[in-house]
Amino acid sequence: MIELKNLCAGYGGRDVVHGVSLSFPPGRVAALLGPNGCGKSTLLRAVLGLSPKSGGEVLMDGVPLEALSTRERALKAAYLAQSRTVPNITARKMVLHGRFPHLSYPRRYRKEDDEAVDRALDWADARDIAHRPMGELSGGQRQKIYLAMALAQDAPAILMDEPTAFLDVGHQLEVMAVARRLAQEGRAVVMVLHDLPLALRGADDAALLSGGKLVIRGTTEEVYASGHLDRVFGVALRRMETDGGWQYYYG
């Protein structure tokens, strides 16, 4: 369980997240929503200790973030960043980086590490590109590898910043399916998403930020019914019931 209590965070001495209180329980997919610049990415980074917080608390399984080492944090929560450098290594070696928190120094990979990597590559539908250099991959293929690296970390929580970026519609749906499977396994899944229909259809819960403040948090049904999404984004979000459940669209 990850809990935020009145979290304030930012960069350059300026807060962009203001007094946000949220919890991300296991077994649920939570979507972080909000316009560009509202603090979604900064919030994720502050949860992991990658961006400084100026106030409030972050608790992981009831333990303050400051009481945990970098390795202990990585064993509790994996992170898929919005953008990454592209090292001159194969895709499989990139995914192996996700196993670092489980290894002592000097790093020696074990059978269970190779098995975790194979499983993560399969989940990300990336086994067929595992042998290729990272520099030769398309943006969408790299995104699959970064997702596999986060999955290989095998942490009880996974935080993903725009995991569907660079992916076509079919692969976006596959990423949401992976998120659902992770939640069904009992993990806490947090996703920053810009596609509102995709988020409302695929997530259990949603938290809407605006100007660095929490506007509403609840189930996706509650957040949609509140009307706050229309107001904050300046859109007309509608839905229709189908045999496969609610389908959301812009009216």
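Worth saying up front: this structure is predicted, and the values here are computed from it rather than measured.
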- Item | Residue D168 excluded, over 12 heavy atoms near CG under 6.0 Å | yes

- Here the gap from Y146 atom OH to F166 atom CZ, rounded to the nearest 0.5 Å, amounts to 9.5 Å

- Message: To the nearest 0.5 Å, what is the distance between CZ on R239 and CH2 on W246?
- Response: 4.0 Å

- Query: So, S21 side chain and N6 main chain: donor-acceptor pair closer than 3.5 Å or not?
  - Reply: yes

- Item | Heavy-atom check, side chain of L159 versus side chain of L80, under 4.5 Å | no

- Message: Heavy-atom count check: over 12 atoms from other residues, nucleotides or ligands less than 6.0 Å from Y11 OH?
- Response: no

- Query: Could you give the distance from CD1 (I89) to CE (M134), rounded to the nearest 0.5 Å?
  - Reply: 7.0 Å

- Message: Within the 4.5 Å heavy-atom criterion, are L151 and V178 side-chain neighbours or not?
- Response: yes

- Could you tell me whether F100 atom CZ has more than 12 heavy atoms of other residues or ligands within 6.0 Å of it? yes

- Give a yes or no on whether a salt bridge exists between D122 and R119, defined as a side-chain N under 4.0 angstrom from a carboxylate O. no

- Query: Got a donor-acceptor contact below 3.5 angstrom from the Q172 side chain to the L167 backbone?
  - Reply: yes

- Message: With heavy-atom distances below 4.5 Å as the criterion, would you say the side chains of P64 and L59 are in contact?
- Response: yes

- Task: To the nearest 0.5 Å, tell me how far T220 OG1 sits from D204 CG.
- Result: 7.0 Å

- In the single-linkage hydrophobic clustering (I, L, V, M, F, W, Y; side-chain heavy atoms under 4.5 Å), do Y79 and L22 co-cluster? yes

- Rounded distance (nearest 0.5 Å) linking atom CG of L48 with atom NZ of K76: 13.0 Å

- Query: Can you tell me how far the NZ atom of K144 sits from the CG atom of D125, to the nearest 0.5 Å?
  - Reply: 4.0 Å

- Message: Tell me if a side-chain donor or acceptor on D118 pairs with a main-chain N or O of E115 at a distance below 3.5 Å.
- Response: no

- Task: Using a strict cut-off of less than 4.0 Å between a Lys/Arg side-chain nitrogen and an Asp/Glu carboxylate oxygen, indicate whether D15 and K53 qualify as a salt bridge.
- Result: no

- Task: Could you tell me whether the side chain of V95 reaches within less than 4.5 Å of the side chain of L121, counting heavy atoms only?
- Result: yes

